[in-house]
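Letters A, B, ... mirror the listed sequences (proteins, then strands); counts begin at 1.
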Amino acid sequence: MATKPSSFVAEQTHCCEFKTTLFLSLPIFLNLPINLSKHLLFPVPAFPWFGMDIGGTLVKLVYFEPKDITAEEEQEEVENLKSIRHYLTSNVAYGDTGIRDVHLELKNLTMCGRKGNLHFIRFPTQDMLGFIQMGRDKNFSSLHTTLCATGGGAYKFEDDFRTIANLELQKLDELDCLIQGLLYVDSVGFNGHPKCYFFENPSDPESENCVKRACCLDNPFPMLLVNIGSGVSVLAVYSKDNYKRVTGTSLGGGTFLGLCCLLTGCETFEEALEMAAKGDSSNVDKLVKDIYGGDYERFGLQGSAVASSFGHMMSKEKRVSISKEDLARATLVTITNNIGSIARMCAVNEKIERVVFVGNFLRINTVSTKLLAYAMDFWSKGQLKALFLEHEGYFGAVGAFLELLRTTDDL
Amino acid sequence: MTERSSHSMDKSITLPPDEIFRNLENAKRFAIDIGGSLTKLAYYSTVQHKVAKVRSFDHTAKTEGDPLYEISMQEEVSARLHFIKFENAYIETCLDFIKDHLVNTDTKVIKATGGGAHKFKDLIEKKLKLRVDKEDEMTCLIKGCNFVLRNITHEAFVYAKHADSEFRFQNTHPDIFPYLLINIGSGVSIFKVESEDTFERVGGSSIGGGTFWGLGALLTKTKRFDELLQLASKGQHTNVDMLVKDIYGGSYGSLGLTGDLIASSFGKSATPDKEFSKEDMAKSLLHMISNDIGQLACLYARLHNLTRVYFGGFFIRGHPVTMHTITYSINFFTKANFVRIFFLMGSSFFCLIHCYFFLLYLDPNQYSWGENYAGSSGLMSTSPDLNPMQRARSGTFDMLEMDRLERQLVNLPLLQDPSSYIPDTVDLSEDALAREYWLYCFEEALDGVVKRAVASQPDLPEAAERAEKFRHKYQHKLQTLRHQPFAYGSLTVRSLLDTREHCLNEFNFPDPYSKIKQGENDMALKYFQKVVKSLEELSWEQRQFALVRGLLAGNVFDWGAKAVSEVLYYSPLFSIERPWLVDAYDQWLERLKGPPHKCALFFVDNSGIDIILGVFPFVRELLCRGTEVRSYTVLPLISEKLSAVKEDRLTLVQSGSSSPCLDLSRLDKVLAGVVRERHVDLVIIEGMGRAIHTNYYAMLSCESLKMAVIKNSWLADRLGGKLFSVVFKYEVPPGHKTTTLDHVPVTPS
């Protein structure tokens, strides 16, 4: 069971460095007049509080907006901190590509003695340099905050942060963050509702009976955690800090979008999903019944099962007449089924019955969530249960954010 | 369907009938497997060919000068399976061709399997006037796979891209179960096979060959599967795929994921303003699919606790990029080396093979079968980049022929470890120098073989013409092997000899050496009594050495080796002075002082001076010591000569093969029974073909004696000796108890 020694060592080194920087910035804390005693007992990091997850395709950012700012505090608040807060909380879109998922906002959280709301923001990784430049322009480094970042980009862009914006990143392991973030969000709930859901009657994804039902992850362990970002990681999680990465696949959200762009000329994930929602994959995929004329009973294969993804596209006539919507749908179904199949095999191999799917591939993607629910249920004959979470892709960022607070608590 | 296909049919396609539908006029029964893109046709035919039959005369009342036996050519009818694979586009042309050439069949039925069977049912019934009878595809597949794994040597191979030889072939073994079969057709099916009749489809995936083809055609506007593969082999997937280093800037150290690992297939193509090359996209797609299949294979292997995984189906097609990625993927996903993966050469024939047996109504395992190298087109003939020459000759047709062997073949029970036994000493597909030498050697010798073949049939005027056809065919095979050493599996001296024999048989030259041998035998027999007598006059110790010497001397005088004929005629001085290149004579002599062996198994040549004046006196001595002898050879005649001396303690068994090499994993089942029953405790292997080209390193569980004179200067050089160096290898398995001192197995320096 892999707790990973190397990353442990790395974390501890970070802690030490962090304490030094915090010590040097103590005068700032002392200047803050509110709840002084409390903050001296439990020092909290300087605002702004961010957690960042820089993935292959998307950057996920969570921002804690303090709602308990007193008048004095507001007076003392440095100008650019204020402007950051106003900029982030009064807009829902930033630049051309940044978006705040307002519906996910977690309200009235208490963290390190502060009350506030947690905001969820994302923008494409290709705009990362623009973001770093903005950090420089807004003189972010003067705020003496620590930027906790996870995901591959924390490593890839570390130098850019340092040289362009004079910012040091505290790099965190993405799988650690993912799990901590998920467990935290699950524990606080979704503004009074459970944040986890599953599908009732998954065996018939097309029908109206297949509906979303909320549920709680009361006793979440063990669980198989399938994180579908650009690629896919599959983790077996046995407790808060005991997990292992079982496997992964390169056929993930990036593959769906990449293939869709090539096949249909679409430009965004939303566009691709919109097309897929209208399409019919059976015009693209060869089904069992296309080959055998019906079910293949000897081996329990239904006629409607896909025998060969894109199999019809071997024929030139069919290639010429196929619609973009059908192609988008087939791409989505192919990728989703494959992930479902790998997840199911891992669940059986690891003897885990609960499979939790997260990651931004599932955002606004009911086709995939229903299909995954169906695949888990059907192939395991009801043994496996697929669970989903409303905050799909943000857990890494939440985990990074928690790390910011946790390291401070340790002081 | 019918209408469309007849419109699109290219009527100008001409089939080279000699090569493709061989022996069609004698075809008895048919089976057809129509897949999504390829059709595989099988038929069973009878082949008439000449065999050399020996008739001994009653020589109790023999007068001086009479021949001892007579050799006559007889027509014999044997069974052969023909398999042909072609693209579905050719199906109508092929059916027409069959209809026109089919004369001798009495069958009313054609067995059919595969998804396409129901589509083409009407067409087949109309064209051939045969009723289409459908068989379950998956069952055919598994039964076919079992059959092929048992009967085609080197059907399965391991692929290693950067090794000296990219292909490492697995020998045939009777124990093939349990295994996991990953069949990659349009989709992927995964089977767990536990025994001949116990198997199940444990899973599958829709991402398979059809996905590569369909999606590839969409992305690259390239129509044909082979062209797509070609594109892929030229591409750079890193331009299209998002790698770990694209996300991390380097590796993801804590998880041990290297920077070059694909994090997201096609992850870089999610951008509207970039163009991607066809080659790069095809490569990325191939990687995506191969990796995915490899990963699933691992998951299933682990779930079912199986360590042997076979990959087959049209997607593999011997394509190096595909095999490399799958191998890489499996190694990556398993980390530990617990899964052994193999690729299957003729795998798309499987279905058919079994289908065919349904129609024969016989148990496929009742007989053993052997691949006929003369009629098979070999591996990868459809992969144009790998084999441009073959493709130019027979287009998109692949062929496989199998002959029914007279006996069922099994392992010699005395092999120490049957699963690791490899008969051949040098794998020429791995050893480029050796390959070059031997291919040259066989090409050089071809003239002589042709001449002797003609000479062996002086009464048949068309023999010369046939011999030329033989020359052409064998020369072409040698050329193919030069370009593509792994065309028929591992390339070895044995396979070169077998191919030559198959080609000779093909053109009705069953035994070009028969005349020479006959003369030789007659002559040698006249001297036999004299030799025996002079041996009896020697002291025991002198006699033992003389026997070995005689055997080795006899070994030099066998036919075919060029150097020997030169020595025979130009340099009569030939001495066998010790110490030999490999010399365990002292140990052997020591052993002879101990108790006699219970039963000896002696693998010898067919006939000639070699056996009569060399082997027989040696055998006679063993018999006198009280050892039973089972001799494995071709000619039965002389048994009478010897058994007259020593009642029934000598048994001679025919091998049925005229190859001078020996595969101890494919021996007559009856012989294996005798070995067990008689508790054979000594195996003697004699001759260069049996003891050096093959079995030199074979480890047996009883005492063994391997003797040969190296009659080839190149080989002698290789083994560190000179021309006519002697190998006398006496081996005792570790821990073996004899009454004499323990002997250390001797290996050459």
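The CE atom of B:Met288 sits 5.5 Å away from atom CG of A:Leu259, with the distance rounded to the nearest 0.5 Å. The CG atom of A:Leu251 sits 9.0 Å away from atom CZ of B:Phe266, with the distance rounded to the nearest 0.5 Å. If you take OG on A:Ser308 and CD1 on B:Ile184, they are separated by 12.0 Å, rounding to the nearest 0.5 Å. Atom CG in A:Leu263 sits 6.0 Å away from atom CG in B:Leu218 (nearest 0.5 Å). Within the model, atoms OG of B:Ser206 and CG of A:Leu287 stand 10.0 Å from one another, a figure rounded to the nearest 0.5 Å. Between atom OG of residue B:Ser264 and atom CZ of residue A:Phe361 there is a gap of 10.5 Å, rounded to the nearest 0.5 Å.
Within the 4.5 angstrom heavy-atom criterion, only side-chain atoms of B:Phe276, from C-beta onward, approach chain A. Neither the backbone nor the side chain of A:Glu158 comes within less than 4.5 Å of any heavy atom in chain B. Of the two parts of B:Leu296, only the side chain, counted from C-beta on, holds a non-hydrogen atom closer than 4.5 Å to a non-hydrogen atom of chain A. In this structure, no portion of A:Asn337 lies under 4.5 Å from any heavy atom of chain B. Contact of B:Thr271 with chain A is made through the backbone alone, with heavy-atom distances under 4.5 Å. For B:Ala263, the part sitting under 4.5 Å from any heavy atom of chain A is the backbone (N, CA, C, O) and nothing else.
Across A:Leu301 and B:Arg201, no two heavy atoms sit closer than the pair CD2-NH1, 3.5 Å. In terms of heavy atoms, B:Ala217 sits closest to A:Arg319 at CB-NH1, 3.2 Å. Closest approach of B:Ile247 to A:Lys156, counting heavy atoms only: O-CB, 3.3 Å. Of all the heavy atoms in A:Thr57 and B:Met242, the pair that sits closest is OG1-CE, 4.3 Å. Nearest approach of B:Met281 to A:Leu262, heavy atoms of both residues: SD-CD1, 3.7 Å.
Within the 4.5 Å cutoff, the side chain of A:Ile342 has heavy atoms near those of the B:Asp292 side chain. Annotation: side chain of B:Lys245 is not in contact with side chain of A:Tyr155 (no heavy-atom distance under 4.5 Å).
The neighbour count for B:Lys134 NZ, taken as heavy atoms of other residues, nucleotides or ligands under 6.0 Å away, is above 12.
Taking chain B as the reference chain and counting heavy-atom pairs below 4.5 Å, the highest number among A:Ser315, A:Ala330, A:Ala307 is found for A:Ala307. Chain A forms more heavy-atom pairs under 4.5 Å with one residue of B:Leu299, B:Val244, B:Val240 than with any other, namely B:Leu299. Looking only at heavy-atom pairs under 4.5 Å with chain B, the residue among A:Asp285, A:Asn338, A:Val348 that has the most is A:Asn338. When the candidates A:Ser230, A:Gly153, A:Gly311 are compared by the number of heavy-atom contacts under 4.5 Å with chain B, A:Ser230 comes out ahead. Looking only at heavy-atom pairs under 4.5 Å with chain B, the residue among A:Leu257, A:Asn349, A:Val306 that has the most is A:Asn349. In terms of non-hydrogen atom pairs under 4.5 Å with chain A, the most contact-rich of B:Phe212, B:Tyr248, B:Tyr300 is B:Tyr248. Each of A:Cys261, A:Ser309, A:Gly231 has some count of heavy-atom pairs under 4.5 Å with chain B, and the biggest count is that of A:Ser309.
Of the possible donor and acceptor atoms, one in the side chain of B:Ser269 sits under 3.5 Å from a partner among the backbone N and O of A:Gly258.
Under the salt bridge (Lys or Arg N to Asp or Glu O under 4.0 Å) criterion, B:Glu279 pairs with no residue, sequence neighbours left out.
One side chain, B:Tyr252 or A:Asp173, offers a donor N or O that lies under 3.5 Å from an acceptor on the other.
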| said: For A:Met345 and B:Leu303: C-alpha separation, side-chain torsions, deciding distance, then whether side chain to side chain contact (heavy atoms under 4.5 Å, CB included) applies. | reply: CA-CA 8 Å; A:Met345 289 300 297; B:Leu303 184 65; 3.6 Å; yes
